[in-house]
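Taking it in order: structure first as structure tokens, then the write-up.
Throughout, a chain's letter reflects where its sequence line sits, starting with A, and its residues are numbered from 1. Note: hydrogens, waters and symmetry copies are ignored here, and every other heavy atom, side chains too, is used.
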Protein chains: 2
Amino acid sequence: MKLHVSPDTFPPRGHEAKRLSIVDSAAAVFCREGFAGANIDLIAAEAGVSRQTIYNHHGDKEKLFVAVVRDLTERCNAGIFATIATFPDQPKDLEADLIGFAVRLNQNCICNRDGKFLRKLIQTEGERYPELFAEWREQGPGRTWPAIAARFARLAYGGYLAIEDPDVAARQFLGLVNAELQTTFMLGGSPREDEVLQSATNGVRTFLRAFGKRRSATSVEKQGALASA
Amino acid sequence: MKLHVSPDTFPPRGHEAKRLSIVDSAAAVFCREGFAGANIDLIAAEAGVSRQTIYNHHGDKEKLFVAVVRDLTERCNAGIFATIATFPDQPKDLEADLIGFAVRLNQNCICNRDGKFLRKLIQTEGERYPELFAEWREQGPGRTWPAIAARFARLAYGGYLAIEDPDVAARQFLGLVNAELQTTFMLGGSPREDEVLQSATNGVRTFLRAFGKRRSATSVEKQGALASA
DNA sequence: ACAAATTTAGACACTCTTGTCTAATTCGTC
DNA sequence: GACGAATTAGACAAGAGTGTCTAAATTTGT
């Protein structure tokens, strides 16, 4: 097992490139068709490689599936932690800053390609691969939720919010902010950008009505005009 | 096409019973294995009928699938409307009554067998059968959300709540009340009874902090003890 | 330009599944 | 008890998909 230091040149570049391309296409096909319905020939065609190459790289349909889930989990986690790093610790405008955070989280981690695919695979095949998705649960929600909760705890400690249980607050924040996207998520679709913003805005306003310390001055404006049209 | 008035005696009872049994087992197998992975022989075995009987009744794997989704949608809708009928219009204890409503909705419509199956089928096969699930969307969310929103509007009109947009409030209510069950739902599991109660309690308290008119006297107590343990 | 490694296309055996068909059996009803 | 309808078990053809194998073509590093 050689170790490749420079990430771009030493190991056969085409080789890794093909591996990536395979995993990518496999993710798409597994999502569309499910594990049982996914067709290796189709994955090969979509990746632009021959079927044999897939077997050379991954050996087996099931091993390929595992590789896909691991890859997605890793990339999604990276995205989530990168976004958590943008959480407003010392907000100027708490409402606007939280809305921004919520929109970033949605656009970069939940509605993007990887997030959509991972979510669907968990929903679809989660019960069939308990150990694989137990691993996801530890690496994913098990690490991201506490991180988000810690940020809310910090806001509370800084006097910006009045919350008792940061874990509950974090989950409720996400629940509120995605409240209007549930049906879209359920059907596997991606909400439009304005829908994400709308849901985040409404959600954060309600969140701050419940947990905000002082009522932020710029609150109501002309909301509700779009909602019931 | 004969019309059968008495629901129990006229038409060959064993016939209808078998049809029900088939659809029931098919729902379970389609959920576990997905459409492509579902095996007619397995469905037959689980329903306690021969494969041929399934073809006699439904003709075709795809037609069977459609029958399953229609059946589930119908039963779930009935359950939801029955539960909406128990919405507290003139609450004595608003917090307790809303918690009760939320728990009923979860236990009778979302976490029960039919709800779980329908949710999974929508998530799994929704993209493959646009017209079928468009129908579900109209019959299901398209009718239930307005009904729930109307009840919240009534509470607001009665002076129990201070909400601007009943539709938004209804969606946020559900989002809050299910905030702590998301991971479980995602993996296709059913939360325990105490988890449902816990999530509903926390959700309703936050909801009332945001939209309640007067702070209900019995509010905080010893919450938070379980949450972070 | 040469040699090694990788990729490719295609054929192949094997398994699994769907949907049909037939003959025997069971069930409900008169 | 007898009749007709429904159900059953099993065989069957047809098709699709997985994973293997081989020989040719291509890419890569030296």
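- Within the helix from C:dA1-D:dT30 to C:dC30-D:dG1, the inter-axis angle between the opening and closing five-pair segments is 40°, rounded to 10°.
- Distance check: A:R75 CZ to A:F117 CZ gives 10.0 Å after rounding to the nearest 0.5 Å.
- Under a 4.0 Å N-O distance rule, the pair B:R113/B:D24 qualifies as a salt bridge.
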Take A:R171 and A:D165 through the salt bridge (charged side-chain N to carboxylate O under 4.0 Å, His left out) test and state the conclusion after the steps. CA-CA 10 Å; A:R171 285 190 289 261; A:D165 186 328; 5.8 Å; no
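- Heavy-atom distances under 4.0 Å link DNA chain C to B:Q52, B:Y55, B:D60 of residues 52-60 of chain B, given in residue order.
- For the side-chain hydrogen bond (donor to acceptor under 3.5 Å, both in side chains) test with B:Q139, the passing option among B:E135, B:R143, B:R137 is B:R143; the others fail.
- Atom CD1 of B:I80 and atom CZ of B:R104 lie 14.0 Å apart (nearest 0.5 Å).
- Side-chain proximity of B:V49 to C:dA9, D:dT8, C:dG19: nearest is D:dT8.
- Side-chain contact check for A:N112 and A:Q107: no donor-acceptor pair (N or O, by modelled atom type) lies under 3.5 Å.
- Between A:R51 atom CZ and D:dG17 atom C1' there is a gap of 9 Å when expressed in whole angstrom units.
- Atom C1' of nucleotide C:dG19 and atom CD of B:E62 are separated by 14 Å, given to the nearest angstrom.
- Note: A:F152 and A:F87 meet the aromatic proximity criterion, with ring centroids under 6.0 Å apart.
- Minimum atom distance to the side chain of B:K18 is reached by D:dT8, of the listed D:dT8, C:dT8, D:dG19.
- We find that CZ of B:F30 is positioned 9 Å from P of C:dT18, with the value rounded to whole Å.
- Taking SG from B:C109 and CG from B:D114, the interatomic distance works out to 10.0 Å, rounded to the nearest 0.5 Å.
- Listed in residue order, the members of residues 36-44 of chain B having a heavy atom less than 4.0 Å from DNA chain C are B:A38, B:N39, B:I40.
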Check step by step if side chain to side chain donor-acceptor pair (under 3.5 Å) holds for A:Q52 and A:N56. CA-CA 6 Å; A:Q52 185 59 41; A:N56 286 344; 3.2 Å; yes
Yes or no on salt bridge (charged side-chain N to carboxylate O under 4.0 Å, His left out) for B:E62 and B:R128, after CA distance, side-chain angles and deciding distance? CA-CA 12 Å; B:E62 189 159 324; B:R128 191 192 312 280; over 6 Å; no
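- Atom NZ of A:K61 and atom P of C:dC16 are 14 Å apart (whole Å).
- Rounded to an integer number of Å, the gap from B:E33 CD to C:dC16 P is 15 Å.
- Ring centroid separation for the pair B:F65 and B:Y129 comes in under the 6.0 Å cut-off.
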